[in-house]
Amino acid sequence: MIRVTRRSFISGLLAASVTQMPAQTGGMSSQPTQAQPRRPLSGKPFSHFTDVAIPAGLTSPTIYGGIDTIKYIVESMGGGCTFFDFDNDGWMDIFILGGTRLEGAPAEATNRLYRNNRDGTFTDVTVQAGLHHVGWACGVCVGDYNNDGNEDLFCTYYGQNKLYRNNGDGTFTDVTQAAGLANSIPRFGTGASFLDYNRDGFLDLFVANYVQFDLEHPPIPTPQNPTCTYEGALVYCGPRGLNAGYHSLYRNNGDGTFTDVSKASGIAAVRGSYGLSVVAADFDNDGWPDIFVACDSTPSLLLMNNHDGTFREEGLLRGVAVSGDGYEQAGMGVGVGDINLDGNADLFVTHFQREANGLYLNKGAADFDDVTREARIGVETRYVGWGAAIADLDNDGLPDIVMVTGNVYPEIENRYPQYPFKGPRIVFRNLGDHTFEELIETVGPAFQQKHASRGLAMGDFDNDGDLDILIMNVNEPPSLLRNDAPANNHWIKVRLIGTKSNRSAIGSRVLVHYGARSQSQQLLSQSSYLSCNDPRLHFGLGEPTMVDLEIYWPNGLHETYKHVAADQLITVREGTGIIPGKGWPIHNTDKPEAHTPHKT
């Protein structure tokens with residue numbers, strides 16, 4: 001998160017291991033220090049966004065740290081958010097993580113669960129659901145770890161992480177201790193993801209940890225400590241100068257409990273990185289989930305699955321550990337998607353101000369190129385980037401990029417107006433020629449409004465066929481940006497239910513063929529900044545009104561579906577096919593042949 005150094009990791013390898021990198025001060029990156037001139041708009045219609053959070057009932061502020069001053073690093077992190085259907089009614093509910101304050105928790109301080117009322121409004125059901133909790137919450141991932149048909153929540157914290165089992169009756173139970181996930185000492189949990197790394201049909205759990213930090217004996221900023229200054233101003237200390245956290249992998253035993261297999265899997269040997277957001281996805285399309293960890297001020301990690309219960313770290317080898325210039329950056333948020341429609345999972349990683357957010361193109365087999373400059377993503381370096389997504393916002397069949405911003409030093413804005421604490425939301429529109437154009441003003445006032453934002457989640461809360469945006473804002477109510485996409489563009493959503501695979505179907509890869517294009521998406525448990533998206537995979541199509549589908553299930557089954565009508569949600573059960581009556585609107589229910597899978 002904090003980017004106060006400029007240092008080449010490539011040259012640094014000659015002198016020190018990753019675990020021995022010294023803290024430094026100076027310039028922040030080799031990237032431009034201010035935004036380059038914008039490309040002219042393409043002229044095509046695009047989505048318009050309206051912040052409907054307040055009329056929708058999302059009115060409570062998300063308490064997190066100091067307002068005018070941040071003393072310690074734990075206050076600066078903010079939390080994630082998620083769209084998920086906790087009551088299985090077909091409408092996306094909302095969960096937002098909150099924090100507290102050093103001097104004590106205000107009455108509003110808690111995580112919040114909002115039930116979707118199906119009319120554009122939400123009801124706060126946090127207390128009734130058993131999810132009221134005050135602490136320094138950071139990340140959330142969603143998955144049905146016990147395969148009972150209800151989506152469960154795992155939340156990371158500074159202190160003790162929490163596993164909340166969904167009881168299926170509108171309530172949750174904290175089963176952290178019973179599941180074997182309690183810490184023996186406080187840890188700084190950040191990113192986390194459910195994944196079935198051994199393909200046994202049960203969701204395992206990977207947890208990243210940021211730094212080793214003791215709130216009882218925190219580092220005190222002094223002018224003599226270079227890790228506690230920014231542009232000559234005293235700020236909170238870290239992460240440099242603090243010991244890195246260590247990451248964990250927990251194997252699901254299939255009986256509601258987990259076993260720590262960090263050492264046996266090789267995860268425990270990966271040390272020295274300040275881990276933040278986690279994405280578990282099949283980056284080399286071999287049918288086994290890999291793990292990407294965006295890391296702050298240290299090289300990011302790409303843990304490749306060896307198919308035998310172990311992982312190998314190859315971030316540098318595969319081109320995602322550092323920038324194309326060889327500089328480690330302040331990796332915070334991660335968007336995942338098929339930017340160039342070649343069937344591979346590409347990465348967009350957000351960074352600190354004066355650093356270009358990175359776009360990594362997957363050439364296949366998890367071999368990445370940094371195409372930030374070529375794609376014209378590098379024009380924007382003014383803001384600290386956080387939550388992000390690769391998603392087709394206007395349903396034109398080309399995935400776009402969206403991100404939120406916000407600084408970590410509220411106290412320096414008066415001294416340095418060029419570093420405002422609050423920033424706008426940003427869209428990079430996919431032009432279809434491997435380049436993007438930056439949009440802020442043209443997508444509606446909701447993108448121009450300034451907030452200190454952290455988590456971002458994509459989802460269709462009003463079930464109207466386009467992707468809306470949920471944003472966690474520090475010490476403010478959240479934002480809920482309703483998307484009004486161009487009406488002439490088509491779309492399809494795919495909901496997956498695992499049978500032999502894990503019930504949530506996390507790790508599935510879906511290919512949609514539409515017109516002359518094909519696009520791949522994977523069902524993830526976490527992405528963005530410590531957040532989780534609507535699990536119904538959404539594909540914009542543009543003009544085509546019919547698609548062919550391929551589904552690669554986590555346990556190896558490959559199914560194909562031909563001539564599926566657009567502009568609908570379809571629900572597919574592994575090994576069975578499209579379920580009539582489990583989508584909206586209902587199409588083709590009189591043509592069962594269109595719903596019968598071809599299996600390989």
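Take K363 and apply the salt bridge (charged side-chain N to carboxylate O under 4.0 Å, His left out) test, not counting sequence neighbours, and it matches D367, D369. D89 meets the salt bridge (charged side-chain N to carboxylate O under 4.0 Å, His left out) test with R118; sequence neighbours excluded. Scored by the salt bridge (charged side-chain N to carboxylate O under 4.0 Å, His left out) test, D124 finds R112 as partners (sequence neighbours excluded).
The minimum heavy-atom distance linking I551 with V572 is given by the pair CD1-CG1, 3.8 Å. The two residues G335 and I390 have their closest heavy-atom pair at O-CD1, 3.7 Å. Considering every non-hydrogen atom in both N473 and T62, the closest pair reads O-CB, 3.6 Å. In plain terms, the two heavy atoms of P399 and I339 that are nearest each other are O-CD1, 3.9 Å. Across every non-hydrogen atom of V278 and G191, the tightest pair is CG2-C, 3.6 Å. Across all their heavy atoms, A505 and P554 have their closest contact at O-CG, 4.1 Å.
For the pair D338 (side chain) and A345 (backbone), a donor-acceptor distance under 3.5 Å is absent. N489 places a side-chain N or O within donor-acceptor distance of the main-chain N or O of D394, the cut-off being under 3.5 Å. Listed for the E380 side chain is no donor-acceptor partner under 3.5 Å among the backbone atoms of E438. Looking only at distances, a side-chain donor or acceptor of D204 sits under 3.5 Å from a matching main-chain atom of N252. Distance alone, capped at 3.5 Å, is enough to place a donor-acceptor pair between the N555 side chain and the K500 backbone. Side-chain N or O atoms of R199 include none that pairs as donor or acceptor with a backbone N or O of S501 at under 3.5 Å. The backbone N or O of H513 lies less than 3.5 Å from no partner atom in the side chain of D548, so there is not a single donor-acceptor pair. Within the 3.5 Å criterion, the main-chain N or O of M332 finds a donor-acceptor partner in the side chain of S277. Of the possible donor and acceptor atoms, one in the side chain of N483 sits under 3.5 Å from a partner among the backbone N and O of L467. Side chain of N167 to main chain of D169: no donor-acceptor pair is present (N/O by atom type, distance under 3.5 Å, no hydrogens or angles).
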For this session: Give the C-alpha distance, both sets of side-chain angles, the deciding distance and a yes or no for side-chain contact (heavy atoms from CB on, under 4.5 Å) between E559 and W553.
Result: CA-CA 8 Å; E559 298 180 335; W553 296 90; 3.1 Å; yes
For this session: Step by step, work out the side-chain contact (heavy atoms from CB on, under 4.5 Å) result for S527 and N533.
Result: CA-CA 8 Å; S527 62; N533 298 325; 3.4 Å; yes
For this session: Given side chain to side chain donor-acceptor pair (under 3.5 Å), test N147 with N502 step by step and report yes or no.
Result: CA-CA 7 Å; N147 288 339; N502 68 86; over 6 Å; no
For this session: Step by step, work out the side-chain contact (heavy atoms from CB on, under 4.5 Å) result for N357 and I401.
Result: CA-CA 11 Å; N357 303 289; I401 294 172; over 6 Å; no
For this session: Check the pair F154 / Y164 against side-chain contact (heavy atoms from CB on, under 4.5 Å), numbers first and verdict last.
Result: CA-CA 6 Å; F154 181 79; Y164 295 104; over 6 Å; no
Problem set entry | Intermediate values then yes/no, side chain to side chain donor-acceptor pair (under 3.5 Å), D466 and H538 | CA-CA 8 Å; D466 52 30; H538 177 98; over 6 Å; no
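Under the 30°/60° scheme for interplanar angles, the aromatic rings of F194 and Y145 are found to lie parallel. Relative orientation of the H558 and Y552 rings is parallel, given thresholds of 30° and 60° on the angle between their planes. By the 30° and 60° cut-offs, the orientation of the rings of F283 relative to F292 is perpendicular. Aromatic ring orientation, Y529 versus W386: perpendicular (interplanar angle above 60°, classes split at 30° and 60°).
Looking at H563, H490, K562 one by one, the single match for side-chain contact (heavy atoms from CB on, under 4.5 Å) with M546 turns out to be H563.
H307 has its side chain within reach of D286: a pair of non-hydrogen atoms, C-beta onward, lies under 4.5 Å apart. C141 has its side chain out of reach of C532: every pair of non-hydrogen atoms, C-beta onward, lies at least 4.5 Å apart. The shortest side-chain heavy-atom distance between V371 and R373 does not fall under the 4.5 Å cut-off. Contact annotation: the side chain of L153 approaches that of V140 to within less than 4.5 Å [non-hydrogen atoms, C-beta and beyond]. Within the 4.5 Å cutoff, no side-chain heavy atoms of D290 are placed close to those of L303. At least one side-chain heavy atom of Y197 sits less than 4.5 Å from a side-chain heavy atom of N305. Side-chain contact between L549 and T560: absent, with no pair of heavy atoms (C-beta onward) separated by less than 4.5 Å. Side-chain atoms of I506 and L203, non-hydrogen and from C-beta on, do get closer than 4.5 Å to each other.
A 6.0 Å sphere centred on CD of Q448 holds more than 12 heavy atoms belonging to other residues, nucleotides or ligands. Counted within 6.0 Å of NE2 on H434, heavy atoms from surrounding residues, nucleotides or ligands total 12 or fewer; the atom is thus considered open.
With respect to the salt-bridge test (charged N to carboxylate O, under 4.0 angstrom), the residues D460 and R536 do not qualify.
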